[in-house]
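One structure below.
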Amino acid sequence: MIIEKIEKCLRSRWEVPAKQNTNAVLLASFPKSGNTWLRFVFSNVLAEKTNFPQEVNFDNIQLLAPEVRGNRNLDNAIFSNECPTFLKTHFYNTRKCKEYKSVVLFREPQKALVSYYKYMINEQGKSYSSFERFLNSSRVGIDYWSLFHRSWLSSENTIFVSYDDLIKNQFVGITQILDLLGYQIEETIISNSLLLSSRKNMAKLESLYGDPNKKNTDFKFVSNNENRYAELFKENPELARKVKSLTPIYDALLARKIEISEAGES
């Protein structure tokens, strides 16, 4: 764990943009916590506000909501004074992050870890002798889930969003996030962006245009088999206890989250 912390400290300067833009917002999450879906939503908003000439897909989203890693100069990224440009990161909070507005999207740890395990095995081609070995890895498992979220909880000005709350009340939640960031976006644009970012439409986009970041072309990023590995915890109660140790951190996230009202509530 100490080695990994040193490594992350050395990498930290490369995980934030080289230059600041007042309309850039860090969108941070542990992997498989809804980051890509939310980037699609905000990218469609930005595309509408900037008259982007193409349909947002898994390729050109790098222009509208780029990932910081590997492109800290944000080459060809699109910005607008009328709408934020969200910058994807799975990195923990660092001193340089304080220069940016930030949104942390989080998910119940068991769901995130199971989904990430599925992704690492089936899409990235990683080899773990067992689910327990994955969870015990300080690079991807329980320790890193803890480190990532604890680091962001230390940020006073970050907006915390529960993926589970947001997915239930999408229009209200997206509007609220944008309002908190200081942007007033037309209701019709938000509604249309949500339609274009639906699970069905994202699956269609993946089928039509592919995903240049995928290593396994047979892996479906948009899938309904999210609970495929749920039995892994039932088979090994000790693993469930290990993940339950994250409850205090998850409770702290819940305490910091924005309250997304049911549609129609005041």
Side-chain angles (χ1 to χ4, degrees), residues 21-29 33-67 74 76-89 100-108 155 157-209 221-222 224 226 253-266:
N21 185 296
T22 56
N23 292 295
V25 178
L26 293 176
L27 178 57
S29 70
S33 297
N35 195 302
T36 298
W37 169 72
L38 193 51
R39 285 169 67 220
F40 259 88
V41 176
F42 288 131
S43 291
N44 276 297
V45 173
L46 182 59
E48 178 67 24
K49 298 296 285 188
T50 58
N51 296 313
F52 189 68
Q54 302 173 351
E55 185 176 26
V56 178
N57 57 51
F58 286 88
D59 185 11
N60 60 32
I61 195 174
Q62 298 297 334
L63 304 177
L64 297 154
E67 181 173 6
L74 304 180
N76 302 315
I78 296 172
F79 292 93
S80 169
N81 289 327
E82 299 181 52
C83 180
T85 296
F86 285 83
L87 310 179
K88 171 188 173 181
T89 181
Y100 291 85
K101 296 178 180 179
S102 55
V103 173
V104 169
L105 185 66
F106 68 92
R107 190 180 181 197
E108 193 274 324
S155 174
N157 299 318
T158 295
I159 298 170
F160 288 85
V161 180
S162 163
Y163 172 79
D164 294 314
D165 288 356
L166 183 59
I167 207 71
K168 293 175 184 176
N169 299 286
Q170 298 177 21
F171 177 84
V172 175
I174 295 299
T175 302
Q176 190 171 348
I177 294 169
L178 291 168
D179 285 346
L180 288 170
L181 292 169
Y183 296 90
Q184 305 298 314
I185 306 296
E186 297 92 325
E187 291 185 1
T188 53
I189 291 179
I190 294 177
S191 295
N192 190 52
S193 296
L194 287 167
L195 286 174
L196 293 172
S197 307
S198 67
R199 180 179 292 273
K200 180 178 180 181
N201 197 58
M202 287 178 66
K204 184 193 78 172
L205 293 170
E206 185 179 20
S207 177
L208 286 174
Y209 304 110
F221 184 88
V222 183
N224 291 316
E226 194 170 90
L253 292 167
L254 293 175
R256 290 279 303 274
K257 71 175 183 175
I258 61 172
E259 295 298 332
I260 301 175
S261 302
E262 294 284 349
E265 288 184 0
S266 58

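Quick note: numbers below take in every heavy atom, side chains included, and nothing from hydrogens, waters or symmetry partners.
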- prompt: Are side-chain heavy atoms of Val104 and Leu26 found at a separation under 4.5 Å?
  reply: no
field: Exercise: do Asn44 and Asn192 side chains pair donor with acceptor under 3.5 Å
entry: no
- prompt: Which atoms form the tightest heavy-atom contact between Pro84 and Leu178, and what is the distance?
  reply: CG-CD2, 3.8 Å
message: Less than 4.5 Å apart, side chain to side chain, heavy atoms only: is that true for Leu195 and Asn201?
response: no
- prompt: Hey, does Asp179 have a side-chain heavy atom less than 4.5 Å from the side chain of Gln184?
  reply: yes
- line: Between Asp164 and Glu108 the two heavy atoms that sit nearest each other are OD2-N, 4.2 Å
Leu74 side chain reached by Phe79 side chain, heavy atoms, under 4.5 Å: yes
message: Looking at Glu82 and Thr50, would you say the former's side chain and the latter's main chain have a donor-acceptor pair under 3.5 Å?
response: no
query: Taking the side chain from Arg39 and the backbone from Ala65, do they hold a donor-acceptor pair closer than 3.5 Å?
result: yes
- request: Report yes if the side chains of Val25 and Phe42 come closer than 4.5 Å at any heavy-atom pair, otherwise no.
  value: no
- prompt: How close do Ile260 and Val172 get, heavy atom to heavy atom, and via which atoms?
  reply: CG2-CG1, 4.0 Å
- prompt: Where is the tightest heavy-atom contact between Leu254 and Phe106, given as atom of each residue plus distance?
  reply: CD2-CE1, 3.9 Å
- prompt: Can you find a heavy atom in the side chain of Ile185 that is under 4.5 Å from one in the side chain of Thr175?
  reply: no
- prompt: Got Val161 and Ile258 here, is their nearest side-chain heavy-atom distance under 4.5 Å?
  reply: yes
message: For Leu105, is there any backbone N or O sitting under 3.5 Å from a side-chain donor or acceptor partner on Ser33?
response: no
query: Can you check whether Arg199 reaches Trp37 side chain to side chain, under 4.5 Å on heavy atoms?
result: no
field: Residue pairs fulfilling salt bridge (charged side-chain N to carboxylate O under 4.0 Å, His left out) with at least one residue in residues 182-196, sequence neighbours excluded
entry: Lys49-Glu186
